[in-house]
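Remarks on the structure that follows.
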Amino acid sequence: MTDAPETAAPKPEPKPELAHGLARGLTNYGDRDFARYLRLSMARSMGLSTGLLKKPVVGIAATYSEFNNCHRLVPELVAAVKRGVLAAGGLPLEFPTISLGEVFLNPTSLFFRNLMSVDTEEMIRGQPMDAVVLVGGCDKTVPAQLMGAVSADIPAIQVVTGPMMTGRWRGERLGACTDCRRFWAKFRAGEIDAATIEEVEGSLATTAGTCAVMGTASTMASLAEALGMMLPGTAAIPAVHADRIRAAEASGAAALRLAQLGLTPARIVTPKAVENALRVLLAIGGSTNAIIHLTAIAGRAGIPVDLHRLNELSDTTPVLVDLKPTGPFYMEDLHVAGGIGAVLRELAPLLHLDALTVTGETLGERLAAEPGFVDRAVVRTRAEPLQPQGGLVALFGSLAPRGAILKRAAADPTLFEREGRAVVFTSLEDLAARIDDPDLDVTAEDFLVLQNAGPLSASGMPEAGYLPIPSKLARAGVKDMVRISDARMSGTAYGTIVLHVAPDAASGGPLGLVRDGDRIRLSVRERRIDLLVAEDELARRRAAQPPAPPPPKRGYARLYKEQVLQADEGCDFDILRAEPSR
Ligand code: FES
């Protein structure tokens with residue numbers, strides 16, 4: 001080795017990167033000063049003052065899309081968030097991400113949830129921001145945003161678009177989408193004609209916002225608040241209410257405070273916060289989809305959600321909220337009745353009150369500071385609940401070794417303890433082709449079974465678990481039957497419906513081995529669902545199964561097929577979890 005010549009100029013010390021604002025995460029040109037200079041010169045082309053360019057940056061993940069009716073007012077909310085950030089002394093910078101409109105996506109919005117979470121995570125991480133405000137609303141957007149934010153782990157706060165207001169039809173109050181299903185069932189049963197159902201169609205969804213009942217979007221908004229990732233009192237504010245805009249402005253200011261505190265999702269989404277969210281899910285009679293989404297969000301933080309623990313919590317958490325699809329009320333009623341704060345205060349003795357929230361306070365501090373008005377018609381007391389136990393229960397047994405979910409709050413208790421004959425549909429196509437066949441061999445005592453509608457199926461785990469009552473039975477007045485599948489169910493639906501059977505049929509689970517005429521035993525009391533077929537017969541059927549169809553060759557569909565996990569693991573991609581297993 002030779003010494004450097006004495007005349008050589010000393011190498012300049014690299015300047016430490018500024019910890020905040022536009023100086024974060026510089027583009028790699030091999031020259032950090034040049035990268036900073038170039039970024040600022042380009043930023044100045046946006047007409048921003050040099051003073052503003054030096055401020056801490058709050059990114060705003062915006063999800064406006066003309067393919068997403070629930071997000072119609074996102075631009076108004078983003079404008080309000082910007083006001084809040086500016087007034088608090090930060091620089092707001094909006095950026096677009098994928099938007100998932102529930103009814104506009106094929107095969108399902110769940111198929112794209114993980115894609116949106118990757119988009120959200122990487123755009124948060126890849127762009128220079130000190131905090132992020134997530135503006136979402138429709139069913140899969142809030143889970144995707146929270147999953148992405150937990151993985152990116154910079155300070156983050158959720159704003160939701162808020163629920164729709166109800167509409168009126170012939171003097172009746174209607175809200176998407178429990179009433180959509182109610183009227184569709186009447187149409188299928190021949191109680192109303194085509195002209196009437198078309199008239200109803202125009203009165204179900206009459207304002208911007210998410211579905212008006214305690215469906216998946218409302219449930220996820222409620223859980224975001226229960227997790228501590230949303231400002232207090234903001235989950236249930238209707239989309240068109242002025243308070244919704246004020247909530248967005250306050251969230252912008254709160255995001256800047258979060259950045260100053262350095263309070264990241266890792267300190268908020270903790271095992272205690274996840275358990276609080278599960279309690280709220282059970283107490284509001286929330287959507288079954290929320291189990292999948294909460295499991296996926298928690299999984300990004302390395303927190304497992306155990307379905308046996310769900311049952312323990314369900315046994316000790318009363319149902320307090322009387323919203324559709326199980327009760328008469330809508331989200332706008334919950335807002336004026338006291339919102340999720342009223343539910344949290346009622347549940348307080350069951351909650352972990354030391355869990356942190358995005359305000360920097362603990363849940364206990366938040367609840368102690370709240371006024372106490374509650375409309376008891378909508379939010380009951382623990383002493384006089386709607387039901388003494390939680391709205392959801394997990395079932396296990398030979399038909400669902402890794403679990404299945406039943407929303408008992410929306411089911412008929414007279415069907416909870418029984419044995420039935422299986423009437424099997426092997427796919428969604430088979431279901432569509434035969435369910436209304438007048439020659440279908442089915443009675444009201446049978447169990448309808450749908451196979452190949454789980455996460456590994458080609459259908460991408462649709463909300464098809466709400467199998468229609470065969471029309472010959474519907475016309476005879478049958479309103480509910482036991483229905484079993486590996487599919488999901490809309491949070492706006494109801495019935496004695498066993499969902500999320502895991503492992504799913506497409507991955508070789510026992511559900512795929514059920515045949516017409518098999519006996520199945522359901523016991524909600526024992527938390528069991530069993531296929532009453534001898535093991536040697538099942539082995540014979542397993543060996544005779546046709547080979548699985550070839551996987552997609554390219555693109556996102558291939559990634560999905562290779563990576564998606566079962567329902568009990570949140571249907572996340574393995575590589576996206578905090579600790580991938582492969
Ligand atoms: Fe968006 Fe129902 S369609 S919440």
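In this chain, residues are counted from 1 in sequence order. In listed order, ligands and their atoms are each counted from 1.
- For atom 2 (Fe) of ligand 1, the closest heavy atom belonging to the protein is Cys211 SG, 2.2 Å.
- Checked against Leu278 for a side chain to side chain contact (heavy atoms under 4.5 Å, CB included), the options Leu294, Thr317, Leu223 give a single hit: Leu294.
- Set against the non-hydrogen atoms of Glu102, the atoms of ligand 1 under 4.0 Å away are 3 (S).
- Although no hydrogens or angles enter the test, the distance criterion places a donor-acceptor pair under 3.5 Å between the side chain of Thr63 and the main chain of Val135.
- Of the angles at atom 1 (Fe) of ligand 1, the one spanning SG of Cys70 and SG of Cys138 is 110° when given to 10°.
- At a 4.0 Å cut-off, at least one heavy atom of Asp139 sits close enough to ligand 1 to count as contact.
- Looking at Arg483, its side chain does come within 3.5 Å of a backbone N or O of Leu467 through a donor-acceptor pair.
- Classified by interplanar angle (parallel below 30°, tilted 30° to 60°, perpendicular above 60°), the ring pair Phe112/Tyr556 is parallel.
- In summary, the atoms of ligand 1 found under 4.0 Å from a heavy atom of Thr210, numbered by their order in the structure, are 4 (S).
- With values rounded to the nearest 0.5 angstrom, Leu227 atom CG is found 8.5 Å from Asn276 atom CG.
- Each of the atoms 4 (S) of ligand 1 lies under 4.0 Å from some heavy atom of Ala217.
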